[in-house]
Amino acid sequence: MIAVVGAGLGGLLAANLLAKEGYKVEVYERLPFPGGRFTSLNYKGFEISTGALHMIPHGSRGPLAKLLKKIGVRVEIIDSKPEGEFLWNGERIEVRRRVFPLKAILKFYKELAISKFKDRTLDIFANSLDDFTKAFLNSFLGWSLSIYSEDITFRKFYEIFKQTVKYRGPGIPIGGCKAVIDELVENLESMGGKIYLRKEVRGIKKSNEEVKLLIEEWKCFDGVISNIGHKLTAELMGEKVNLPEESRGIKYTLKLEEPFLEHTGVLFIANKNIAGMNEVTNADPNLGKGVMLQVHQPFKGDARRAIEDGLREIREVVGKNFELLAVQSFSRDWPVNRIKAGSDLGVVFKERIVVVGDGAKGGDIEVEGIALGVEKALEELRRWI
Amino acid sequence: MRVEDHCVGCAYCMLVCKFEAIEVFGKAKINEEKCVKCLKCVIYCPVKAVKG
Ligand SMILES: Cc1cc2nc3c(=O)[nH]c(=O)nc-3n(C[C@H](O)[C@H](O)[C@H](O)COP(=O)(O)OP(=O)(O)OC[C@H]3O[C@@H](n4cnc5c(N)ncnc54)[C@H](O)[C@@H]3O)c2cc1C
Ligand code: SF4
Ligand code: SF4
């Protein structure tokens, strides 16, 4: 019997894969709903996401879409079109390779060569660029990863860049993040897997042959998949680990009378605290009774000051004609990313205990990285179960 | 109802409160006059910041 701690996306993907192989799986979730930061709660007729911007970074072609197919879960993903626009001096420019100066591209390859013996942080490269390319790079990092250019090294960024070139831009699942979660739950249960909601795991103990979890009482398992990150996993074992910082973000959900973006892609915003926005109701009108615009802003430090800046900028860009449905901030133990992109830790926590989800990603971003990390973690876990 | 300092401001409590008793801007604030103490916000908080 295998236990999964947490019914987030990573935990549910792992549980499905194991159940498909014939293992007995039990998922324990503290909250009254599955999905963690990748689902939605209906509020005033809108599917307000619990985290993710209802976007899968590489759409129907990426690692998550592939893994869902392998599991046998059917979710329709609408690939964004255009993939992205960039708001630059009041003008919307479609993001394509040819809008960037040749000089910037040459500098990119120069830095790539340098990085082979000296891997510098990305701000050094960013500062060498023209204003347009630099501003785009910063907005891209803010929207996709909630980080700043000094937070990541060039080589780590290059891995992400390669994945984006390979699989291209984002897509929106019909039904939003919640549709992905609902399908995973249904599929798992149809294979005999169990999900227990409102059941918190309060402790983990390990011996040579098994792992014990404190749920209501101690229960034995052959292996444990932790979906709660390295820090909380360590705490449940009575240990402490030193970790890289998390990334923080603020998400604004707006109700509009008329579509503002009028497409299914991302509008990246130049030189502001807010990094970008999307309008997912253009892909799936059932995500809200009206137009739903989501704006994302990375931040450091205090959320309230950041929100004041963000709201002012939203009025500058979108105008005043909107209803603010929700302002949500994410940090510390409920962040955008438990560990900043590019610094993810390994999947093996201890013998018989692996970590999946954000913080234990494979070589890609956000939920795509989670999909890759899950496959890696299960490969390791099979050694013991 | 009391919101502790480690509230991250994710607004799940506001989204599930049927009595429009919660406002969230960076942190949650509960309006005691509207709150009926149904405890839904306590159950939905991912970081256990609401205390009944
Ligand atoms: C504002 C924001 C925007 C984002 N935008 C995007 C996006 O557009 N695209 C994208 O790909 N990604 C995006 N992300 C990131 C993405 O949402 C997360 O990476 C992903 O949802 C994390 O999944 P996870 O598997 O790590 O689990 P989590 O969602 O963190 O789930 C972990 C689960 O474990 C449960 N749990 C915790 N402790 C216990 C315990 N002791 N016992 C039992 N259960 C427990 C929690 O309640 C939770 O349900 C965004 C995140 C945020 C916050
Ligand atoms: S659910 Fe908890 S963390 Fe989120 S805003 Fe409410 S009190 Fe704060
Ligand atoms: S206890 Fe119930 S009514 Fe009061 S704030 Fe929480 S959810 Fe709203």
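Proteins get letters first, then strands, A, B, ... in listed order; numbering begins at 1 in each.
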Problem - Minimum side-chain heavy-atom gap Asn337(A)-Ser146(A) below 4.5 Å - result: no
Fill in the blank from the handout: Exactly one of Glu29(A), Glu26(A), Glu216(A) clears side chain to side chain donor-acceptor pair (under 3.5 Å) with Lys199(A), and that residue is Glu216(A)
Exercise for the section: Would you check if Val356(A) and Leu13(A) make a side-chain contact, meaning some heavy-atom pair closer than 4.5 Å? Expected result: no
Exercise for the section: Grab the two heavy atoms, one from Glu246(A) and one from Pro335(A), that are nearest each other, plus how far apart they are. Expected result: CG-CB, 3.6 Å
Exercise for the section: For the residue pair Tyr12(B) and Trp334(A), categorise the inter-ring angle as parallel (less than 30°), tilted (30 to 60°) or perpendicular (more than 60°). Expected result: perpendicular
Practice task
Tell me, yes or no, whether the heavy-atom count around Lys240(A) atom NZ, taken from other residues, nucleotides or ligands under 6.0 Å, exceeds 12.
Solution key: no
Problem - Atom group of Leu232(A) that falls short of 4.5 Å from chain B, counting heavy atoms - result: neither
Problem - Criterion salt bridge (charged side-chain N to carboxylate O under 4.0 Å, His left out) against Asp333(A), the qualifying member of Lys231(A), Arg248(A), Arg37(A) - result: Lys231(A)
Exercise for the section: Tabulate, in ascending numerical order, the residues of residues 294-316 of chain A having at least one heavy atom closer than 4.5 Å to a heavy atom of chain B, or enter 'none'. Expected result: Ala303(A), Arg304(A), Ile307(A), Leu311(A)
Fill in the blank from the handout: Between Cys45(B) and Ala49(B), the two heavy atoms sitting closest are SG-N, 3.2 Å
Handout entry: Residue from Arg332(A), Arg338(A), Lys340(A) passing salt bridge (charged side-chain N to carboxylate O under 4.0 Å, His left out) with Glu245(A)
Key = Lys340(A)
Practice task
Could you list which of residues 27-43 of chain B have a heavy atom closer than 4.5 Å to any heavy atom of chain A, in residue-number order?
Solution key: Lys27(B), Ile43(B)
